[in-house]
Colleague: 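Sharing a structure with you now.
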Protein chains: 2
Amino acid sequence: MTTDPSQIQITSVPEEINGLRMTRQRQEVYRFLMGERNHPTANEVFMRIKEALPNISLATVYNCLEALVQHHIIRQVNFDREPSRYCPNLEEHGHFHDETTGTIHDVKFKPGINLRDLLDIPPNTVIKDIEITLRGQLAAS
Amino acid sequence: MTTDPSQIQITSVPEEINGLRMTRQRQEVYRFLMGERNHPTANEVFMRIKEALPNISLATVYNCLEALVQHHIIRQVNFDREPSRYCPNLEEHGHFHDETTGTIHDVKFKPGINLRDLLDIPPNTVIKDIEITLRGQLAAS
DNA sequence: TTTGGAGCAAGAACTATTCTAAATATTACA
DNA sequence: TGTAATATTTAGAATAGTTCTTGCTCCAAA
């Protein structure tokens, strides 16, 4: 990457998050995801980021997303075999996939609910991740 | 497909389930899944079924699995971007993916639990499917 | 300034799955 | 029963999201 003066960092993203060095590319990916709450795909991130970093490659977007996921900065969300989507909401929550619009919405648990208590899991089992996905149609408002 | 006398149907699978005509191939796929509780992938089904139907093709296995899923005879289970797995258990349940062995286990809900009641979903929303997947390590017994 | 490692870009490769076209099997019905 | 219409199967090609490879660039430490 050649240094382009027009691409000096402007907004304040920390140099490092959870031990991950925030390079220019990772910053852009992260910043875009934080603004966008639509659970974009890697390709959608790529298209959008290109406006700021015209030379970025799709592979780099995948690399950035993977790095961010592995450092628990964002979450990867999968619906069936559709392209992975990415989500900056780290709270434990589920995802509702609206079949009519194709949009994805976060689903919170009702207060005081701990999913682990409701499942019949053998004792001492280590649960590293729980994923809840719903599919259906949002009511017309 | 030529009729092979050695392959006359022996076990009792109905001619039709949920309106789906049970062809020889579908029978084999279904029968294998019912016996196997290990959530096999399409390819695993294919390899195993070939013993009984040497001429079956992978595409047919996919066709059969899709038909069975669409007629609510089996369920398709996805873990992240791994190959889809198939499950003959139609009860509402989740899946636990044991990272150490790679095996998948059904997870029941504790009695009286209705997932829908625990999630913060807008009223009148039609939920067609709920999927719960856990990832972690089973306790050493 | 040199060196080593991390990160990036471009495109090739991979792989689960779907599609296509032709062959075969089954059903409907004259 | 015979024949047309429909459904299913097969084999292989195609697709698409993702990962891998290679060479280059950047940055930090010595």
Side-chain angles (χ1 to χ4, degrees), chain A residues 1-5 7-9 13 15-30 39-47 49-50 52-71 73-74 76-86 102, chain B residues 1-5 7-9 13-30 39-47 49-50 52-71 73 76-86 102:
Chain A
M1 192 182 76
T2 51
T3 309
D4 178 346
Q7 292 181 7
I8 301 284
Q9 178 186 350
V13 174
E15 306 262 306
E16 197 175 302
I17 303 181
N18 290 359
L20 180 70
R21 203 175 105 224
M22 291 304 278
T23 64
R24 184 73 215 284
Q25 286 83 347
R26 287 174 188 156
Q27 281 173 30
E28 286 295 339
V29 169
Y30 180 56
H39 304 82
T41 63
N43 198 58
E44 283 163 1
V45 174
F46 175 56
M47 304 288 257
I49 295 273
K50 266 205 292 205
L53 298 172
N55 294 323
I56 198 168
S57 81
L58 181 55
T60 299
V61 171
Y62 273 106
N63 286 342
C64 292
L65 289 169
E66 191 191 354
L68 292 166
V69 167
Q70 252 154 24
H71 286 76
I73 300 168
I74 63 173
Q76 181 170 3
V77 181
N78 295 297
F79 273 89
D80 303 333
R81 304 231 95 238
E82 290 173 27
S84 289
R85 295 170 173 278
Y86 298 87
Chain B
M1 190 183 77
T2 52
T3 310
D4 178 345
Q7 290 182 8
I8 301 283
Q9 178 187 351
V13 175
E15 306 261 305
E16 197 176 302
I17 303 181
N18 291 359
L20 180 69
R21 185 155 66 83
M22 291 304 277
T23 64
R24 185 71 216 286
Q25 288 82 348
R26 287 174 189 157
Q27 281 172 30
E28 286 296 340
V29 170
Y30 179 57
H39 305 82
T41 63
N43 199 57
E44 283 163 0
V45 173
F46 175 55
M47 304 288 254
I49 295 273
K50 266 206 289 206
L53 298 171
N55 294 322
I56 198 169
S57 82
L58 181 55
T60 300
V61 171
Y62 274 106
N63 286 342
C64 291
L65 289 168
E66 191 192 355
L68 291 166
V69 167
Q70 252 155 23
H71 286 76
I73 301 167
Q76 182 170 1
V77 181
N78 295 297
F79 273 89
D80 304 331
R81 304 231 95 234
E82 291 173 26
S84 288
R85 296 172 173 276
Y86 298 88

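Small disclaimer: the values here were computed from a predicted structure and weren't measured. The figures that follow rest on heavy atoms only: side chains count, while hydrogens, waters and symmetry mates do not.
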Colleague: Which heavy atom in A/Thr60 sits nearest to a heavy atom in A/Gln25, and how many Å separate them?
Modeller: CG2-CG, 3.9 Å
Colleague: Mind checking the OG-NE2 spacing from B/Ser84 to B/His39? Nearest 0.5 Å is all I need.
Modeller: 12.5 Å
Colleague: Indicate yes or no: at least one non-hydrogen side-chain atom of A/Asn78 is less than 4.5 angstrom from one of B/Asn78.
Modeller: no
Colleague: So, OP1 or OP2 of C/dA9: does either fall under 4.0 Å of a side-chain N or O from A/Thr60?
Modeller: yes
Colleague: To the nearest angstrom, how far is B/Glu15 atom CD from C/dT26 atom P?
Modeller: 11 Å
Colleague: Taking the side chain as every heavy atom from C-beta outward, state whether B/Tyr86 and B/Leu68 have any atom pair closer than 4.5 Å.
Modeller: no
Colleague: In whole Å, what is the span from the CG atom of A/Asn55 to the C1' atom of C/dG11?
Modeller: 15 Å
Colleague: Looking only at atom types and distance, does a side-chain atom of B/Arg26 sit under 3.5 Å from a main-chain N or O of B/Val61, one as donor and one as acceptor?
Modeller: no
Colleague: Please name the pair of heavy atoms, one in B/Glu82 and one in A/Arg81, separated by the smallest distance, quoted to 0.1 Å.
Modeller: O-NH2, 2.5 Å
Colleague: Take the protein atom CD1 of A/Ile56 and the nucleotide atom P of C/dA9, then report the distance between them rounded to whole Å.
Modeller: 5 Å
Colleague: Could you go through nucleotides 15-19 of chain D and list every protein N or O atom that sits under 3.5 Å from one of its N or O atoms, giving the distance for each pair?
Modeller:
from, atom 1, to, atom 2, distance (Å)
D/dT18, OP1, A/Ser84, N, 2.7
D/dT18, OP1, A/Ser84, OG, 3.1
D/dT18, OP1, B/Arg81, NE, 3.2
D/dT18, OP2, A/Tyr62, OH, 2.4
D/dT18, O5', A/Tyr62, OH, 3.3

Colleague: Would you kindly give the NE2-to-P distance between A/His71 and C/dA6, to the nearest whole Å?
Modeller: 12 Å
Colleague: Has B/Glu66 got a side-chain atom pairing as donor or acceptor with B/Asn63's backbone, closer than 3.5 angstrom?
Modeller: no
Colleague: Measure from CZ on B/Arg24 to P on C/dT24 and round the result to the nearest Å.
Modeller: 19 Å
Colleague: What are the two closest heavy atoms between B/Leu53 and B/Arg24, and how far apart are they?
Modeller: CD2-NH1, 3.6 Å
Colleague: In whole angstrom, give the distance that lies between atom CG of B/Asn63 and atom P of C/dA21.
Modeller: 16 Å
Colleague: A/Phe46 CZ to C/dA9 C1': how many Å, rounded?
Modeller: 10 Å
Colleague: Using whole Å, report how far CE of A/Met22 lies from P of C/dC8.
Modeller: 10 Å
Colleague: For a quick test of reading the model, state the closest non-hydrogen atom pair linking A/Leu58 to A/Ala42 and the distance between them.
Modeller: CD1-O, 4.2 Å
Colleague: When you compare the protein's N or O atoms with those of nucleotides 5-8 of chain D, which come within less than 3.5 Å of each other, and at what distance?
Modeller:
from, atom 1, to, atom 2, distance (Å)
D/dT8, OP1, B/Arg26, NH1, 3.0
D/dT8, OP1, B/Arg26, NH2, 3.3

